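Just below is one structure, and these are the notes that go with it.
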Amino acid sequence: MINIEDRTISTVAVVDDDPGARESYEYVLQDAHVTPVGEAGPLGQLADFVGEAKRRMDAVLCDHHLRIRNYSTFDGAQLAAALYDVSVPAVLCTRWEDAQLDLIRPYRDRVPVLLQLEDLNPDSFVDALRLTVRELQGEVTQQRRPWRTQVHIADVGTDEQQEFFYVDLPGWTSDKIIRLRKTDLGEMAERLEIDARWHARVNIGAEDSWELYFRDWEPS
């Protein structure tokens, strides 16, 4: 059992399409003094699973890549974000953070912590859970707080049948180029132009580019 602020976390759902991975997660959670409940799947529809998890669980630990072997119709980032919306703390842990960052980033405003698999241990899980619970209660860290920020459209292109655009942030500490999906802009994507200056709400306090999220886009 873990006590965080005014919450007691005793039962944690373990969501991963790989039974072996679920078992290894369960050992970590046991060492963190909570009761793991492995979700064997299939998980069904996202809204149904989220509703069931809210009734049965205090928190969720999930992988991102869940669509193998008909285990799930949604990915872990979608699940973590949907649980955030109903105030259920979820910790996303994956070895796919680099390969599928484009798919994870649109949900990062509602995924407070993204753990790399090799970093998962009882202490890191509890720390991630604590940060998530506090953010759900309105305590947002400087690294997670969004600010209206100028975004420079550096390039627009296509890679492996997916359309992307590339940006840098004049107000951030790095000049690193960040790739985003055009589909995440919806109809506004048609207005993208190279070298344009847009605005978005971005957590420019983030120390690494993989922690950045973008929302509330405003075209120039």
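Treat the numbers as computed from the prediction; the structure is a model and nothing was measured.
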* To do: List the steps, then state whether side-chain contact (heavy atoms from CB on, under 4.5 Å) holds for I2 with R7.
  => CA-CA 8 Å; I2 305 170; R7 288 195 184 215; over 6 Å; no

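- Note that the CD atom of Q143 and the CG atom of L212 stand 11.5 Å from one another [nearest 0.5 Å].
- Linking ILVMFWY residues whenever their side-chain heavy atoms come closer than 4.5 Å, directly or via other members, leaves V111 and F74 in distinct clusters.
- Under the 3.5 Å distance criterion, the side-chain polar atoms of D208 are left unmatched by any main-chain donor or acceptor of W210.
- Considering all non-hydrogen atoms of both residues, S124 and D119 come closest at OG-O, 2.8 Å.
- The pair D85-R110 meets the salt-bridge criterion, with a side-chain N (NZ, NE, NH1 or NH2) lying under 4.0 Å from an Asp/Glu carboxylate O.
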* **Test side-chain contact (heavy atoms from CB on, under 4.5 Å) applied to L79 and L46, step by step** => CA-CA 7 Å; L79 173 59; L46 177 60; 4.0 Å; yes

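- No donor-acceptor pair under 3.5 Å is formed between the side chain of R144 and the backbone N or O of E139.
- Taking the six-membered ring where tryptophan is involved, the planes of W198 and W217 are perpendicular, since the angle between them exceeds 60° and thus also 30°.
- When each of D58, T35, N3 is tested with S10 by the rule side chain to side chain donor-acceptor pair (under 3.5 Å), just one qualifies, namely D58.
- Under the 4.5 Å side-chain contact rule for hydrophobic residues, M57 and V15 do not share a cluster.
- Salt bridge annotation for D17-R69: present, with a cationic side-chain nitrogen under 4.0 angstrom from a carboxylate oxygen.
- With respect to R181 and E163, no salt bridge is recorded, no charged nitrogen being found less than 4.0 Å from a carboxylate O.
- Between the side chain of H152 and the backbone N or O of L169 there is no donor-acceptor pair closer than 3.5 Å.
- Residues L117 and Y25 meet the side-chain proximity criterion, which asks for heavy atoms closer than 4.5 Å.
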* Given side-chain contact (heavy atoms from CB on, under 4.5 Å), test F164 with V156 step by step and report yes or no. => CA-CA 6 Å; F164 294 97; V156 180; over 6 Å; no

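- When atom types are taken as modelled, the side chain of K54 and the backbone of V86 share a donor-acceptor pair closer than 3.5 angstrom.
- Side-chain atoms of D109 and P146, non-hydrogen and from C-beta on, never get closer than 4.5 Å to each other.
- The two residues G76 and L92 come nearest to each other via the heavy atoms C-CD1, 3.7 Å.
- A donor-acceptor contact shorter than 3.5 Å links the side chain of T149 to the backbone of W147.
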* **Stepwise salt bridge (Lys or Arg N to Asp or Glu O under 4.0 Å) test for E211 and R108** => CA-CA 7 Å; E211 296 177 320; R108 278 308 309 267; 5.7 Å; no

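- Of the possible donor and acceptor atoms, none in the side chain of R201 sits under 3.5 Å from a partner among the backbone N and O of R215.
- With rounding to the nearest 0.5 Å, the separation of CD1 in I178 from CG in D102 is 11.5 Å.
- Between the side chains of Y84 and E135, a donor-acceptor pair is found at a separation under 3.5 Å.
- Nearest heavy-atom pair, P122 versus D31, reported as atom, atom and distance to 0.1 Å: CG-CB, 3.5 Å.
- No continuous path of hydrophobic side-chain contacts links Y27 to L61 [ILVMFWY only; heavy atoms under 4.5 Å].
- Looking at N121, its side chain does come within 3.5 Å of a backbone N or O of D123 through a donor-acceptor pair.
- For CD of E5, the number of neighbouring non-hydrogen atoms (other residues, nucleotides, ligands) closer than 6.0 Å is greater than 12.
- Shown here for A59 and V88, the closest heavy-atom pair between the two residues is CA-CG1, 4.3 Å.
- In this model, a donor atom of one side chain and an acceptor atom of the other lie less than 3.5 Å apart for D6 and Q137.
- In this structure, I204 CD1 and S174 OG are separated by 13.0 Å, a value rounded to the nearest 0.5 Å.
- With hydrogens and angles disregarded, no donor-acceptor distance shorter than 3.5 Å links the side chain of Y71 to the backbone of L43.
- Distance check, rounded to the nearest 0.5 Å: CG of L114 to NE2 of H64 gives 9.5 Å.
- For N203 (side chain) and Y213 (main-chain N/O), a donor-acceptor pair under 3.5 Å exists by modelled atom type.
- Residue R145 comes nearest to V140 through the heavy atom pair NH2-O, 2.8 Å, listed as atom of the first residue, atom of the second, then distance.
- For the pair E26 and R22, the salt-bridge criterion is not met [side-chain N within less than 4.0 Å of a carboxylate O].
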* **Residue pair D48, E52: steps toward the side-chain contact (heavy atoms from CB on, under 4.5 Å) verdict** => CA-CA 6 Å; D48 294 336; E52 183 67 18; over 6 Å; no

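- One hydrophobic cluster, built from ILVMFWY side chains closer than 4.5 Å, holds both L185 and I194.
- Taking CZ from R134 and CD1 from I4, the interatomic distance works out to 8.0 Å, rounded to the nearest 0.5 Å.
- Annotation: side chain of P170 is in contact with side chain of D168 (closest heavy-atom distance under 4.5 Å).
- To the nearest 0.5 Å, atoms CZ (F125) and CG (L115) are separated by 9.0 Å.
- Cation-pi geometry between R179 and Y166 is not met: the NZ or CZ atom fails to fall both under 6.0 Å from the ring centre and inside 45° of the normal.
- Summarising the geometry of I9 relative to V34, their closest heavy-atom pair is O-CG1, 3.5 Å, with the distance given to 0.1 Å.
- Side chain of W172 to main chain of A206: a donor-acceptor pair is present (N/O by atom type, distance under 3.5 Å, no hydrogens or angles).
- Using a 4.5 Å cut-off between side-chain heavy atoms of Ile, Leu, Val, Met, Phe, Trp and Tyr, with links allowed through other members, V151 and M188 fall into the same hydrophobic cluster.
- Sparse packing is recorded around CD of E193, with 12 or fewer heavy atoms of other residues, nucleotides or ligands lying under 6.0 Å away.
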